[in-house]
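No hydrogens, no waters, no symmetry mates; every other heavy atom, side chains included, goes into these values. Throughout, residue positions are numbered sequentially from 1 according to the sequence presented.
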Amino acid sequence: MSDNIPTRAGGLGPAAATGGAVASRPSVIQLVFREKGALYAAYMPLLTDGGLFVPTTRDYRIGDDIYLLLSLPDDPQRFPVAGKIAWITPANASGGRTQGVGVRFPNDEKSRQLKLKIEEILGTSIQSAKPTQTL
(Lines give C-alpha, C1' and ligand atoms only; values in the text may rest on other atoms or scores of the structure.)
Protein backbone atom coordinates (compact mmCIF):
# COMPACT_ATOMS: atom_id res chain seq x y z
CA MET A 1 0.00 0.00 0.00
CA SER A 2 1.37 3.42 -0.94
CA ASP A 3 2.39 5.92 1.72
CA ASN A 4 -0.15 8.32 0.23
CA ILE A 5 -3.17 6.11 0.85
CA PRO A 6 -4.72 6.29 4.32
CA THR A 7 -5.64 3.14 6.17
CA ARG A 8 -9.31 2.30 5.80
CA ALA A 9 -11.00 -0.21 8.06
CA GLY A 10 -14.44 -1.74 7.85
CA GLY A 11 -17.71 -0.30 6.72
CA LEU A 12 -21.38 -0.75 7.34
CA GLY A 13 -23.57 -0.93 4.27
CA PRO A 14 -27.24 -0.26 3.64
CA ALA A 15 -29.74 -1.92 5.95
CA ALA A 16 -32.74 -3.63 4.40
CA ALA A 17 -36.07 -2.55 5.83
CA THR A 18 -39.17 -4.73 6.04
CA GLY A 19 -41.93 -4.52 3.47
CA GLY A 20 -39.67 -4.77 0.43
CA ALA A 21 -38.41 -1.18 0.72
CA VAL A 22 -34.71 -0.50 1.18
CA ALA A 23 -33.74 2.01 3.81
CA SER A 24 -30.13 3.03 3.85
CA ARG A 25 -28.04 4.33 6.65
CA PRO A 26 -24.74 6.04 6.15
CA SER A 27 -21.78 3.72 5.77
CA VAL A 28 -19.21 4.04 8.53
CA ILE A 29 -15.54 4.15 7.60
CA GLN A 30 -12.60 4.43 9.93
CA LEU A 31 -9.90 6.50 8.24
CA VAL A 32 -6.44 6.61 9.82
CA PHE A 33 -3.75 9.02 8.63
CA ARG A 34 -0.38 8.07 10.10
CA GLU A 35 1.66 10.47 7.99
CA LYS A 36 1.32 14.10 6.99
CA GLY A 37 1.98 13.16 3.32
CA ALA A 38 -1.05 10.87 3.24
CA LEU A 39 -3.22 13.58 4.80
CA TYR A 40 -1.96 16.10 2.24
CA ALA A 41 -2.82 13.72 -0.61
CA ALA A 42 -6.38 13.25 0.68
CA TYR A 43 -7.30 16.73 1.95
CA MET A 44 -9.63 18.92 -0.14
CA PRO A 45 -9.12 22.58 0.82
CA LEU A 46 -11.19 23.75 -2.17
CA LEU A 47 -14.40 22.60 -0.49
CA THR A 48 -15.72 25.46 1.65
CA ASP A 49 -16.09 23.33 4.77
CA GLY A 50 -13.20 21.00 3.93
CA GLY A 51 -13.24 17.39 2.92
CA LEU A 52 -11.19 14.25 2.36
CA PHE A 53 -10.62 11.63 -0.29
CA VAL A 54 -11.56 8.13 0.93
CA PRO A 55 -10.19 5.14 -1.01
CA THR A 56 -13.02 2.64 -1.46
CA THR A 57 -14.36 0.19 -4.01
CA ARG A 58 -17.92 0.54 -2.71
CA ASP A 59 -20.52 2.11 -5.01
CA TYR A 60 -21.74 5.53 -3.91
CA ARG A 61 -23.76 8.30 -5.48
CA ILE A 62 -23.17 12.04 -5.22
CA GLY A 63 -24.98 13.29 -2.12
CA ASP A 64 -24.93 9.96 -0.25
CA ASP A 65 -24.35 10.26 3.49
CA ILE A 66 -21.15 8.77 4.90
CA TYR A 67 -19.86 8.70 8.46
CA LEU A 68 -16.09 8.91 9.01
CA LEU A 69 -14.16 8.13 12.16
CA LEU A 70 -11.02 10.11 11.39
CA SER A 71 -7.61 9.78 13.03
CA LEU A 72 -4.95 12.39 12.27
CA PRO A 73 -1.14 12.00 12.45
CA ASP A 74 0.26 12.08 16.00
CA ASP A 75 -3.17 12.67 17.55
CA PRO A 76 -4.81 9.99 19.72
CA GLN A 77 -8.27 11.57 19.30
CA ARG A 78 -10.75 10.21 16.74
CA PHE A 79 -12.90 12.78 14.99
CA PRO A 80 -16.43 11.76 13.91
CA VAL A 81 -17.54 13.37 10.64
CA ALA A 82 -21.05 13.04 9.18
CA GLY A 83 -20.20 13.95 5.59
CA LYS A 84 -21.67 13.67 2.11
CA ILE A 85 -20.20 12.26 -1.09
CA ALA A 86 -19.03 15.24 -3.19
CA TRP A 87 -17.35 13.39 -6.06
CA ILE A 88 -16.44 9.90 -7.19
CA THR A 89 -13.22 8.56 -8.71
CA PRO A 90 -14.31 5.39 -10.54
CA ALA A 91 -12.31 2.19 -10.99
CA ASN A 92 -9.77 2.44 -13.81
CA ALA A 93 -9.75 6.26 -13.68
CA SER A 94 -7.33 8.04 -15.99
CA GLY A 95 -3.84 8.73 -14.73
CA GLY A 96 -3.90 5.68 -12.47
CA ARG A 97 -5.87 7.57 -9.81
CA THR A 98 -7.03 5.57 -6.81
CA GLN A 99 -10.69 4.53 -6.82
CA GLY A 100 -12.68 6.23 -4.10
CA VAL A 101 -14.88 9.13 -3.09
CA GLY A 102 -14.52 12.73 -2.01
CA VAL A 103 -16.33 13.40 1.26
CA ARG A 104 -17.51 16.94 1.99
CA PHE A 105 -17.50 17.94 5.65
CA PRO A 106 -20.78 19.35 7.02
CA ASN A 107 -21.22 23.08 7.61
CA ASP A 108 -20.93 23.07 11.42
CA GLU A 109 -18.58 24.26 14.13
CA LYS A 110 -16.99 20.83 14.73
CA SER A 111 -16.10 20.60 11.05
CA ARG A 112 -14.67 24.13 11.02
CA GLN A 113 -12.44 23.16 13.96
CA LEU A 114 -11.40 19.94 12.20
CA LYS A 115 -10.58 21.84 9.00
CA LEU A 116 -8.42 24.27 10.99
CA LYS A 117 -6.67 21.36 12.73
CA ILE A 118 -5.91 19.62 9.41
CA GLU A 119 -4.61 22.86 7.90
CA GLU A 120 -2.46 23.44 10.98
CA ILE A 121 -0.95 19.93 10.60
CA LEU A 122 -0.30 20.50 6.88
CA GLY A 123 1.13 23.99 7.40
CA THR A 124 2.72 25.50 4.30
CA SER A 125 2.59 22.19 2.40
CA ILE A 126 -1.09 22.91 1.75
CA GLN A 127 0.01 25.26 -1.05
CA SER A 128 2.32 22.67 -2.61
CA ALA A 129 2.01 21.85 -6.31
CA LYS A 130 2.58 18.19 -5.48
CA PRO A 131 -0.21 16.00 -6.95
CA THR A 132 -2.98 14.72 -4.68
CA GLN A 133 -5.77 12.16 -4.90
CA THR A 134 -8.34 14.94 -4.97
CA LEU A 135 -9.87 17.22 -7.61
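K115 places a side-chain N or O within donor-acceptor distance of the main-chain N or O of T48, the cut-off being under 3.5 Å. Without hydrogens or angle criteria, S111 side chain to P106 main chain gives a donor-acceptor distance under 3.5 Å.
Rounding to the nearest 0.5 Å gives a distance of 7.0 Å between CG of L70 and CZ of F79. Residue R104 holds its CZ atom at 14.0 Å from CG of L46, rounded to the nearest 0.5 Å. For the atom pair NZ of K36 and CD1 of I118, the computed distance is 13.5 Å after rounding to the nearest 0.5 Å.
Put simply, the side chain of I121 reaches to within 4.5 Å of the side chain of L39, judged on heavy atoms. Considering only heavy atoms from C-beta on, V101 stays 4.5 Å or farther from W87 through its side chain. In this structure the side chain of R78 never reaches within 4.5 angstrom of the side chain of V32, judged on heavy atoms. In this structure, F33 and S71 have side chains that are not in contact, with every pair of non-hydrogen atoms separated by 4.5 Å or more. Counting heavy atoms from C-beta outward, L31 and L69 have side chains that stay 4.5 Å or more apart. Looking at Q99 and T89, their side chains never come closer than 4.5 Å, going by heavy atoms from C-beta outward.
Nearest heavy-atom pair across P55 and T98 is CB-CG2, 4.0 Å. When all heavy atoms are compared, the tightest approach of Y60 to S27 is OH-OG, 2.5 Å. Shown here for Y43 and L52, the closest heavy-atom pair between the two residues is CA-CD2, 3.7 Å. Taking all atoms of both residues into account, the shortest heavy-atom contact from V103 to L47 is O-CD1, 4.4 Å. For the pair P73 and R34, the tightest heavy-atom approach, listed with the atom from each and the gap, is CB-O, 3.9 Å.
If you check the side chains of Y40 and E35, you find no donor sitting under 3.5 Å from an acceptor.
We find that D75 and K117 are joined by a salt bridge, their nearest charged nitrogen and carboxylate oxygen being less than 4.0 Å apart. K84 has no carboxylate O lying under 4.0 Å from a charged side-chain N of D64, or vice versa, which leaves the two without a salt bridge.
In the hydrophobic clustering of ILVMFWY residues, with side-chain heavy atoms under 4.5 Å counting as a link, L68 and I62 come out together.
A side-chain contact (heavy atoms from CB on, under 4.5 Å) with I66 is found for one member of V81, I29, V28, T56 and no other, namely I29.
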